[in-house]
Amino acid sequence: MANRKLLSVEMGRMTARQYEESVKFPVAVVLDNIRSAHNVGAALRSSDAFRIEKMCLCGISACPPSAEIHKSALGAESTVRWEHFSDTMDAVRALREDGWTIVSVEQTSESVKLEEFTTEKGRKYALIFGNEVEGVRDDVVSESDFTLEITQYGTKHSLNVSVTVGIVLWKLVSSLN
(Lines give C-alpha, C1' and ligand atoms only; values in the text may rest on other atoms or scores of the structure.)
Protein backbone atom coordinates (compact mmCIF):
# COMPACT_ATOMS: atom_id res chain seq x y z
CA MET A 1 0.00 0.00 0.00
CA ALA A 2 1.34 3.42 -0.95
CA ASN A 3 1.98 6.02 1.69
CA ARG A 4 -0.93 8.48 1.83
CA LYS A 5 -2.15 11.38 3.88
CA LEU A 6 -4.59 10.46 6.62
CA LEU A 7 -8.15 11.70 6.45
CA SER A 8 -9.30 13.83 9.38
CA VAL A 9 -11.59 11.04 10.61
CA GLU A 10 -8.60 8.66 10.75
CA MET A 11 -6.53 10.86 13.07
CA GLY A 12 -8.48 10.17 16.26
CA ARG A 13 -8.67 13.82 17.19
CA MET A 14 -10.36 14.86 20.43
CA THR A 15 -13.59 16.73 20.45
CA ALA A 16 -13.62 20.14 22.14
CA ARG A 17 -15.36 18.54 25.12
CA GLN A 18 -12.77 15.72 25.35
CA TYR A 19 -10.02 18.34 25.15
CA GLU A 20 -11.63 20.35 27.95
CA GLU A 21 -11.78 17.24 30.17
CA SER A 22 -8.30 15.95 29.28
CA VAL A 23 -5.24 16.19 31.49
CA LYS A 24 -3.05 19.06 30.30
CA PHE A 25 0.72 19.29 30.29
CA PRO A 26 1.99 21.59 33.09
CA VAL A 27 2.94 24.36 30.68
CA ALA A 28 1.64 27.92 30.42
CA VAL A 29 2.34 30.20 27.48
CA VAL A 30 2.73 33.88 28.32
CA LEU A 31 2.61 36.31 25.40
CA ASP A 32 4.38 39.56 26.28
CA ASN A 33 2.83 42.34 24.17
CA ILE A 34 2.44 40.45 20.90
CA ARG A 35 1.34 42.98 18.25
CA SER A 36 -0.03 40.58 15.65
CA ALA A 37 -3.39 38.90 16.21
CA HIS A 38 -2.27 36.29 13.67
CA ASN A 39 0.72 35.44 15.90
CA VAL A 40 -1.60 35.17 18.91
CA GLY A 41 -3.86 32.84 16.91
CA ALA A 42 -0.95 30.68 15.79
CA ALA A 43 0.29 30.46 19.40
CA LEU A 44 -3.19 29.36 20.51
CA ARG A 45 -3.25 26.70 17.78
CA SER A 46 0.15 25.33 18.85
CA SER A 47 -0.94 25.46 22.49
CA ASP A 48 -3.99 23.36 21.63
CA ALA A 49 -1.87 20.91 19.62
CA PHE A 50 0.43 20.37 22.61
CA ARG A 51 -2.43 20.41 25.17
CA ILE A 52 -0.94 23.03 27.46
CA GLU A 53 -2.64 24.08 30.67
CA LYS A 54 -3.22 27.76 29.90
CA MET A 55 -2.20 30.92 28.11
CA CYS A 56 -1.70 34.43 29.46
CA LEU A 57 -2.25 37.23 26.95
CA CYS A 58 -0.49 40.34 28.25
CA GLY A 59 -0.53 44.04 27.50
CA ILE A 60 -1.34 44.86 23.88
CA SER A 61 -1.67 41.20 22.88
CA ALA A 62 -4.94 40.68 21.02
CA CYS A 63 -7.62 38.64 22.79
CA PRO A 64 -10.51 36.57 21.48
CA PRO A 65 -13.01 37.03 20.05
CA SER A 66 -11.18 38.29 16.98
CA ALA A 67 -11.53 37.39 13.30
CA GLU A 68 -7.74 37.71 12.88
CA ILE A 69 -7.06 35.36 15.80
CA HIS A 70 -9.65 32.88 14.56
CA LYS A 71 -8.10 32.83 11.08
CA SER A 72 -4.85 31.32 12.39
CA ALA A 73 -6.16 29.65 15.59
CA LEU A 74 -8.79 27.62 13.69
CA GLY A 75 -10.95 27.43 16.81
CA ALA A 76 -8.17 26.90 19.37
CA GLU A 77 -9.26 30.16 21.01
CA SER A 78 -12.25 28.16 22.24
CA THR A 79 -10.29 25.16 23.56
CA VAL A 80 -7.19 26.66 25.19
CA ARG A 81 -7.90 28.30 28.54
CA TRP A 82 -6.65 31.88 28.40
CA GLU A 83 -6.76 35.04 30.46
CA HIS A 84 -5.66 38.62 29.88
CA PHE A 85 -3.31 40.62 32.09
CA SER A 86 -2.84 44.34 31.53
CA ASP A 87 0.87 43.95 32.31
CA THR A 88 3.18 40.96 31.84
CA MET A 89 4.66 41.39 35.33
CA ASP A 90 1.18 40.89 36.79
CA ALA A 91 1.02 37.52 35.01
CA VAL A 92 4.54 36.61 36.19
CA ARG A 93 3.67 37.42 39.81
CA ALA A 94 0.42 35.44 39.68
CA LEU A 95 2.11 32.43 38.08
CA ARG A 96 5.02 32.47 40.55
CA GLU A 97 2.57 32.68 43.44
CA ASP A 98 0.84 29.60 42.03
CA GLY A 99 4.13 27.64 41.93
CA TRP A 100 5.11 28.02 38.27
CA THR A 101 8.76 28.11 37.16
CA ILE A 102 9.16 31.31 35.12
CA VAL A 103 11.11 30.86 31.87
CA SER A 104 11.76 33.62 29.35
CA VAL A 105 12.47 32.45 25.83
CA GLU A 106 15.16 34.95 24.97
CA GLN A 107 18.81 35.23 23.98
CA THR A 108 20.73 36.28 27.08
CA SER A 109 24.25 35.98 28.46
CA GLU A 110 23.12 33.01 30.59
CA SER A 111 20.43 31.39 28.46
CA VAL A 112 20.17 27.60 28.33
CA LYS A 113 20.25 26.10 24.85
CA LEU A 114 16.88 24.47 24.16
CA GLU A 115 18.51 21.25 22.95
CA GLU A 116 20.37 20.95 26.29
CA PHE A 117 17.32 21.64 28.47
CA THR A 118 15.56 18.85 30.34
CA THR A 119 12.37 19.20 32.32
CA GLU A 120 12.04 18.19 35.96
CA LYS A 121 9.19 15.95 37.01
CA GLY A 122 6.59 17.75 39.09
CA ARG A 123 7.52 21.24 37.87
CA LYS A 124 5.14 23.58 36.06
CA TYR A 125 6.72 25.78 33.38
CA ALA A 126 5.47 29.24 32.39
CA LEU A 127 7.12 30.12 29.08
CA ILE A 128 7.29 33.81 28.23
CA PHE A 129 7.49 34.79 24.56
CA GLY A 130 8.26 38.39 23.66
CA ASN A 131 7.14 41.13 21.35
CA GLU A 132 7.97 40.73 17.65
CA VAL A 133 10.43 43.67 17.70
CA GLU A 134 11.64 44.08 21.29
CA GLY A 135 11.52 40.48 22.56
CA VAL A 136 10.77 39.78 26.21
CA ARG A 137 10.90 42.92 28.35
CA ASP A 138 14.11 43.34 30.38
CA ASP A 139 12.27 43.50 33.72
CA VAL A 140 10.47 40.25 32.87
CA VAL A 141 13.75 38.55 31.89
CA SER A 142 15.26 39.68 35.21
CA GLU A 143 12.30 38.21 37.10
CA SER A 144 12.61 34.82 35.32
CA ASP A 145 14.09 31.72 36.93
CA PHE A 146 16.08 31.16 33.74
CA THR A 147 16.05 31.79 30.01
CA LEU A 148 15.88 29.38 27.09
CA GLU A 149 17.35 30.03 23.67
CA ILE A 150 16.84 28.23 20.35
CA THR A 151 20.17 27.64 18.65
CA GLN A 152 20.20 29.22 15.19
CA TYR A 153 22.72 28.82 12.40
CA GLY A 154 21.92 31.47 9.76
CA THR A 155 22.43 35.19 9.42
CA LYS A 156 19.21 36.07 11.27
CA HIS A 157 19.19 35.93 15.04
CA SER A 158 15.47 35.61 15.57
CA LEU A 159 12.45 33.58 14.55
CA ASN A 160 8.84 34.65 14.24
CA VAL A 161 7.28 34.42 17.68
CA SER A 162 4.64 31.91 16.56
CA VAL A 163 7.35 29.64 15.13
CA THR A 164 9.29 29.94 18.38
CA VAL A 165 6.21 28.96 20.40
CA GLY A 166 5.76 25.80 18.30
CA ILE A 167 9.41 24.74 18.58
CA VAL A 168 9.67 25.31 22.34
CA LEU A 169 6.32 23.66 23.11
CA TRP A 170 7.26 20.60 21.05
CA LYS A 171 10.53 20.24 22.99
CA LEU A 172 9.01 20.71 26.44
CA VAL A 173 5.95 18.55 25.89
CA SER A 174 8.10 15.80 24.31
CA SER A 175 10.30 15.91 27.40
CA LEU A 176 7.33 15.90 29.79
CA ASN A 177 5.60 13.08 27.89
Side-chain angles (χ1 to χ4, degrees), residues 3-88 90-105 114 117 119-132 136 148 150 159-177:
N3 192 19
R4 65 175 179 79
K5 290 178 14 178
L6 293 175
L7 301 172
S8 291
V9 296
E10 295 176 292
M11 292 184 195
R13 290 193 175 134
M14 293 180 172
T15 64
R17 181 162 181 102
Q18 289 169 324
Y19 183 92
E20 183 181 329
E21 295 171 352
S22 69
V23 174
K24 309 298 186 290
F25 287 96
V27 177
V29 168
V30 179
L31 298 183
D32 179 19
N33 291 293
I34 302 302
R35 295 178 307 158
S36 165
H38 294 289
N39 282 337
V40 171
L44 280 159
R45 189 170 166 185
S46 292
S47 295
D48 175 286
F50 295 110
R51 218 169 63 225
I52 69 151
E53 195 166 317
K54 67 180 177 176
M55 179 178 282
C56 301
L57 302 171
C58 303
I60 65 168
S61 298
C63 296
S66 158
E68 291 85 11
I69 288 174
H70 182 72
K71 184 176 183 176
S72 51
L74 296 179
E77 70 275 26
S78 299
T79 55
V80 175
R81 187 169 60 107
W82 63 271
E83 59 185 306
H84 181 263
F85 290 85
S86 58
D87 187 81
T88 307
D90 294 337
V92 168
R93 288 183 194 105
L95 289 161
R96 184 176 306 288
E97 194 172 294
D98 199 29
W100 292 82
T101 299
I102 308 300
V103 183
S104 285
V105 180
L114 183 61
F117 176 68
T119 56
E120 292 180 31
K121 193 173 183 82
R123 260 188 148 170
K124 301 187 297 185
Y125 296 93
L127 304 169
I128 305 170
F129 298 90
N131 174 274
E132 294 91 340
V136 179
L148 281 178
I150 298 171
L159 296 165
N160 178 280
V161 65
S162 67
V163 172
T164 302
V165 169
I167 291 169
V168 174
L169 286 181
W170 177 85
K171 167 66 171 150
L172 257 70
V173 169
S174 294
S175 178
L176 290 165
N177 199 23

Point to revise | Donor-acceptor pair, side chain of Ser61 and main chain of Cys58, under 3.5 angstrom | key: yes

Exercise for review: List the steps, then state whether side-chain contact (heavy atoms from CB on, under 4.5 Å) holds for Ser72 with Arg45.
Suggested key: CA-CA 7 Å; Ser72 51; Arg45 189 170 166 185; 5.5 Å; no

Check your understanding: Any side-chain heavy-atom pair from Leu127 and Leu169 closer than 4.5 angstrom?
Key -> yes

Practice item. Grab the two heavy atoms, one from Trp100 and one from Ala28, that are nearest each other, plus how far apart they are. Key: CZ3-N, 3.4 Å

Exercise for review: For residues Lys124 and Asp98, determine if any side-chain heavy atom of one lies less than 4.5 Å from a side-chain heavy atom of the other.
Suggested key: yes

Check your understanding: Which atoms form the tightest heavy-atom contact between Ile69 and Ala37, and what is the distance?
Key -> CG1-O, 3.5 Å

Practice item. Report yes if some heavy atom in the side chain of Val40 is under 4.5 Å from a heavy atom in the side chain of Leu31; otherwise report no. Key: yes

Check your understanding: Does the side chain of Leu57 reach to within under 4.5 Å of the side chain of Pro64, using non-hydrogen atoms?
Key -> yes

Practice item. Please check if the side chain of Glu132 supplies one atom and the backbone of Ser36 the other of a donor-acceptor pair under 3.5 Å. Key: yes

Review point. Do you know which of Thr164, Asp32, Val136 makes side chain to side chain contact (heavy atoms under 4.5 Å, CB included) with Phe129?
Key: Thr164

**Study point:** Reported CG-to-CD1 distance for the pair Asn39 and Ile34, which is rounded to 0.5 angstrom
**Key:** 6.5 Å

Exercise for review: Answer yes or no: is there a donor N or O on one side and an acceptor on the other, between the side chain of His38 and the main chain of Ala73, under 3.5 Å?
Suggested key: no

Practice item. Please report the C-alpha distance between Val30 and Val92 in whole Å, then the side-chain angles of each, then the deciding distance to 0.1 Å, and finally whether the side-chain contact (heavy atoms from CB on, under 4.5 Å) criterion is met. Key: CA-CA 9 Å; Val30 179; Val92 168; 5.5 Å; no

Review point. Between Ala76 and Asp48, what is the shortest heavy-atom contact and its length?
Key: CB-CB, 3.8 Å

**Study point:** Side-chain heavy atoms of Ile52 within contact of Phe25, under 4.5 Å
**Key:** no

Check your understanding: Is there a donor-acceptor pair closer than 3.5 Å between any side-chain N or O of Arg51 and the backbone N or O of Tyr19?
Key -> no

Review point. Can you name the closest pair of heavy atoms from His84 and Gly59 and give their distance?
Key: NE2-O, 3.0 Å

**Study point:** Asn33 CG to Asp87 CG distance, which is reported to the nearest 0.5 Å
**Key:** 7.5 Å

Practice item. State, yes or no, whether a side-chain contact exists between Thr79 and Glu20 at a heavy-atom distance under 4.5 Å. Key: no

Review point. Are the side chain of Glu77 and the backbone N or O of Gly75 linked by a donor-acceptor pair below 3.5 Å?
Key: yes

Check your understanding: Would you call Leu95 and Lys54 a side-chain contact if the rule is heavy atoms closer than 4.5 Å?
Key -> yes

Check your understanding: Between Phe117 and Leu172, is any pair of side-chain heavy atoms under 4.5 Å apart?
Key -> yes

Practice item. Start with the C-alpha distance between Ser22 and Lys24, add both sets of side-chain angles, then the distance that settles side-chain contact (heavy atoms from CB on, under 4.5 Å), and finish with yes or no. Key: CA-CA 6 Å; Ser22 69; Lys24 309 298 186 290; 3.4 Å; yes

Point to revise | Nearest non-hydrogen partners of Leu6 and Met11, listed with the distance | key: O-CE, 3.5 Å

**Study point:** Steps toward side-chain contact (heavy atoms from CB on, under 4.5 Å) verdict (Phe50, Lys171)
**Key:** CA-CA 10 Å; Phe50 295 110; Lys171 167 66 171 150; over 6 Å; no

Practice item. Show the numbers, then the answer: is there a salt bridge (Lys or Arg N to Asp or Glu O under 4.0 Å) between Arg17 and Glu21? Key: CA-CA 6 Å; Arg17 181 162 181 102; Glu21 295 171 352; 3.2 Å; yes

